[in-house]
J.: 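Here it is, the structure, as structure tokens.
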Amino acid sequence: MTDKMNFQADVSKMLDIVVNSLYSEKQIFLRELISNASDACDKLKYMALTHPDITKQSGELKITVTPNAEANTLTIADNGIGMNREDLINHLGTIAKSGTAEFVKNVKENGSAVDLIGQFGVGFYSAFMVADKVEILTRRAGEDKAYSWTSNGIDGFEIAEAEKETNGTSITLFLKEDQKNFTDTIYLRQIIRTYSDHIDYPIVLDLGKAGEETVNTASALWAKHKSEITQEQYKEFYHHISKNFDDPWMTLHFKAEGNIEYTGLLYIPTVTPYDLFQPDRKQGLKLYVNRVFISDKVEELLPAYLRFVKGVIDSSDLPLNISREMLQQSPLIAKIRQGTVSRILKELKKRSKDYDDYIKFWNAFGIAFKEGLYEDFSNREEIAELSRFASTADAEKLTSLDEYIARMQPEQKAVYYITGDDVKTLVNNPQLEAFKAKNIEVLLLTDPIDEFWTQTLTKYKDFAIKHISQADMDLSLKRDDVKADEGSLKKLTDMMTELFKDEVAKVTTTDKLTKSPASLTVENGQMSIHLERLMRNHQQQTAFASSRILEINPYHPLIIKMADSMDNKDKEQEIKDISRILLDQAKIAEGEAITDSSFFSEKLSEYILKAM
Ligand code: ADP
Ligand code: MG
């Protein structure tokens with residue numbers, strides 16, 4: 001009995017892109033199918049740990065590539081786990097992977113997909129780049145029934161019961177007329193060596209009458225000695241394991257010896273993956289025990305702030321028959337994690353000495369890495385040392401905390417920062433005027449995460465880390481310019497406090513401003529205006545808003561004029577209007593929305609006109 005089924009809409013869209021817009025590098029389909037075959041062998045090997053009876057008859061695990069020039073077909077077969085009917089339906093056609101819609105969107109925006117195919121887990125479908133029909137014959141290990149799956153890659157697929165002696169999967173591509181070169185053994189050998197040499201199972205090329213030939217080295221790369229591995233091999237393995245196609249920014253291959261032995265081959269990508277902030281992203285490390293693949297879901301292997309690290313950990317000290325649940329509580333895993341994290345941090349420290357090089361890493365992953373500042377208590381100081389920040393000292397370069405400290409003023413006791421939406425708005429914040437005048441550097445923090453780590457990391461080495469509103473040094477600017485009369489100033493601030501009683505707690509004078517007539521701040525110890533805005537944007541009703549203070553600059557000619565006119569009844573409305581404009585300007589400088597924008601622009605034009 002044959003069942004006809006349609007592809008899910010997202011799958012259809014994605015197939016259309018894969019088939020019709022990818023002209024170059026068609027050969028990657030072979031890498032994808034071999035990679036799937038290798039995964040299937042890994043799964044069978046894992047199953048063998050608990051079901052030796054089922055997997056016994058399988059024989060040596062291998063992948064066979066068989067070209068047939070006469071029929072213009074290419075078959076990729078494995079004796080791995082195989083698929084049953086549900087597997088075929090679920091994995092190949094009806095349920096789009098979570099990344100599929102993202103893939104379609106990305107290709108539409110960026111116009112290229114070759115690099116993304118593997119990353120979005122749509123590798124299988126690349127077969128339709130070279131084939132106008134694909135036929136799968138498969139039987140799942142431990143089950144009796146075999147199935148065939150056939151599709152033209154356009155509207156859907158057919159599934160039927162079939163005959164197959166052994167477990168595993170055989171995928172036959174009926175090549176398009178113009179893709180005959182994929183039956184050429186010389187070409188096939190070259191593609192396999194280029195993209196799949198590191199595969200841990202023999203890839204056997206069927207040469208017809210000339211017999212069979214194992215084309216790859218078939219050994220686990222991480223188990224080899226560094227000196228036997230070329231940069232190309234490292235890179236190719238990175239592509240395989242990460243499903244990314246950039247160059248790795250960092251390759252870290254190590255063997256830990258001592259109470260627990262393990263090998264790590266870890267990579268940091270160059271390019272930020274699309275799913276860095278998606279909760280359902282794949283965990284980056286694969287765990288092997290003595291080269292037997294155990295799991296790629298052991299979240300405990302690395303802390304979340306290092307989730308961009310890809311690679312393999314292989315330990316011979318873990319029991320082979322360990323269940324995935326047991327792994328989660330294993331103290332050995334905790335030790336491996338600890339060791340691995342400190343190796344990564346050590347390597348980052350080395351690389352951090354070269355600014356241009358390190359900043360590539362920082363720009364791609366710093367935003368995730370900073371989560372470690374509050375997540376990883378034991379490595380906090382090192383993570384802080386490795387973090388980089390925009391600062392008022394240099395608009396072109398990011399700074400480290402150590403560099404900041406080296407530039408501190410003699411009387412300075414703290415590292416100061418300000419938070420906001422973007423650097424451009426922040427540098428113009430009036431609250432920075434006193435710091436600029438006194439040559440005190442301020443870090444400009446613009447990631448939402450900055451609001452959180454600054455709550456917990458309040459000290460670095462001997463110095464406190466403080467928001468500028470909490471500065472406890474004397475920031476007043478002593479000067480002998482003309483200042484508004486104290487009595488009139490008092491009347492002005494009293495009038496403004498009353499006028500804005502629903503918006504600010506009070507209006508006061510400050511001698512910390514230079515250019516600006518007014519500025520907003522919060523009462524010491526309260527949530528910053530930026531954090532309050534972030535929480536509001538995330539619909540998190542804050543229990544109470546911070547009480548804000550509007551500070552005015554008594555040396556500013558406008559404030560002097562306003563104060564001087566306080567006793568003039570005719571000017572009363574004008575002073576109120578201008579006060580409102582000042583509050584609005586202060587809000588804008590903070591990146592806040594103003595309450596009544598039409599009032600703001602009308603009044604502003606009105607007064608500009610008067611002045612002309
Ligand atoms: P991914 O490999 O990222 O999961 P693919 O599109 O390459 O995405 O494959 C989809 C799924 O189809 C696999 O996850 C697997 O469940 C199944 N599959 C593909 N090829 C094989 C195979 N040779 N043996 C067993 N299952 C396979
Ligand atoms: Mg795949």
Side-chain angles (χ1 to χ4, degrees), residues 7-8 10-12 14-15 17-19 28-47 55 58 61-66 74-100 102-104 113-129 131 134-143 146-151 153 157 159 164 166-173 195-196 199 201 203 239-245 273-275 280-284 286 293 295-297 310:
F7 286 124
Q8 199 206 35
D10 270 343
V11 173
S12 277
M14 185 263 307
L15 260 165
I17 291 174
V18 168
V19 176
I28 60 138
F29 81 88
L30 191 55
R31 171 193 78 199
E32 294 298 330
L33 296 184
I34 288 175
S35 164
N36 286 349
S38 160
D39 290 348
C41 292
D42 276 349
K43 286 177 194 159
L44 190 80
K45 220 164 149 188
Y46 182 72
M47 190 181 189
T55 50
S58 205
L61 290 166
K62 63 175 181 180
I63 299 160
T64 311
V65 177
T66 312
L74 180 66
T75 302
I76 293 94
D78 65 70
N79 51 352
I81 192 84
M83 287 178 272
N84 59 24
R85 197 168 183 280
E86 286 69 49
D87 292 334
L88 283 167
I89 294 172
N90 293 345
H91 301 316
L92 304 177
T94 44
I95 299 177
K97 296 254 182 77
S98 55
T100 309
E102 200 93 18
F103 170 81
V104 171
V114 159
D115 292 359
L116 300 172
I117 287 183
Q119 198 185 347
F120 287 95
V122 294
F124 167 75
Y125 301 101
S126 62
F128 290 103
M129 291 174 12
V134 174
E135 202 174 277
I136 302 178
L137 186 59
T138 182
R139 200 180 109 192
R140 193 169 163 98
E143 297 181 18
Y147 296 91
S148 72
W149 179 103
T150 315
S151 173
F157 56 91
I159 288 187
K164 191 176 186 305
T166 52
N167 63 276
T169 302
S170 158
I171 300 182
T172 299
L173 312 187
Y195 294 105
S196 310
I199 295 286
Y201 305 96
I203 303 171
H239 289 167
H240 167 68
I241 197 122
S242 68
K243 308 200 166 182
N244 293 344
F245 286 90
Y274 78 97
D275 59 358
D280 63 349
R281 74 182 164 267
K282 281 194 183 155
Q283 139 83 19
K286 293 192 178 202
F293 171 73
S295 174
D296 52 10
K297 298 188 179 67
K310 308 280 177 186

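Source: prediction; values computed, not measured. Order of appearance sets the numbers: ligands from 1, and atoms from 1 within every ligand.
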J.: If you draw the axis of the six-membered ring of Phe293, does the NZ or CZ of Lys45 fall within 45° of it and under 6.0 Å from the ring centre?
T.: no
J.: Which side-chain N or O atoms in residues 33-41 pair as donor and acceptor under 3.5 Å with protein atoms at least two apart or in another chain?
T.:
none

J.: Give yes if a backbone or side-chain nitrogen or oxygen of Ile81 is under 3.5 Å from a nitrogen or oxygen of ligand 1, and no if not.
T.: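 No; the residue has no nitrogen or oxygen that sits under 3.5 Å from a nitrogen or oxygen of the ligand.
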J.: At less than 4.0 angstrom from any non-hydrogen atom of Lys243, what atoms of ligand 1 do you find?
T.: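 Close to Lys243: 1 (P), 2 (O), 3 (O).
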J.: Tell me whether Gly123 has any N or O atom under 3.5 angstrom from an N or O of ligand 1.
T.: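 Among all N and O atoms of Gly123, at least one is under 3.5 Å from an N or O of ligand 1.
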J.: Kindly compute the distance separating CG (Asp78) from CD1 (Ile63), expressed to the nearest 0.5 Å.
T.: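 Nearest 0.5 Å value for the CG-CD1 distance: 6.5 Å.
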J.: Contact between Met83 and ligand 1, counting heavy atoms under 4.0 Å?
T.: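 Checking ligand 1 against Met83, which is what was asked, there is a heavy-atom contact under 4.0 Å.
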J.: What about Asp39: any of its N or O atoms under 3.5 Å from an N or O on ligand 1?
T.: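 Looking only at distances, the answer is no, because the N/O contact criterion of under 3.5 Å is not met.
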J.: May I ask you to check whether Asp78 has an N/O atom sitting below 3.5 Å from an N/O atom of ligand 1?
T.: yes
J.: Backbone N or O of Asp42 within a donor-acceptor pair of the Tyr201 side chain at under 3.5 Å?
T.: yes
J.: Using a cut-off of strictly less than 2.8 Å, determine whether Ser35 has an N/O/S atom near the Mg ion (ligand 2).
T.: no
J.: With a 3.5 Å distance limit and no angle check, can you tell me whether Thr138 reaches the backbone of Gly168 through a side-chain donor-acceptor pair?
T.: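 Checking the backbone N and O of Gly168 against the side chain of Thr138, a donor-acceptor pair under 3.5 Å is found.
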J.: What atoms of ligand 1 come within less than 4.0 Å of a heavy atom belonging to Leu92?
T.: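 So the atoms of ligand 1 that pass are 12 (O).
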J.: Not counting sequence neighbours, which residues clear side-chain hydrogen bond (donor to acceptor under 3.5 Å, both in side chains) with Tyr195? List them please.
T.: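 Partners of Tyr195 by the side-chain hydrogen bond (donor to acceptor under 3.5 Å, both in side chains) criterion, ordered by chain and then number, come out as Gln27.
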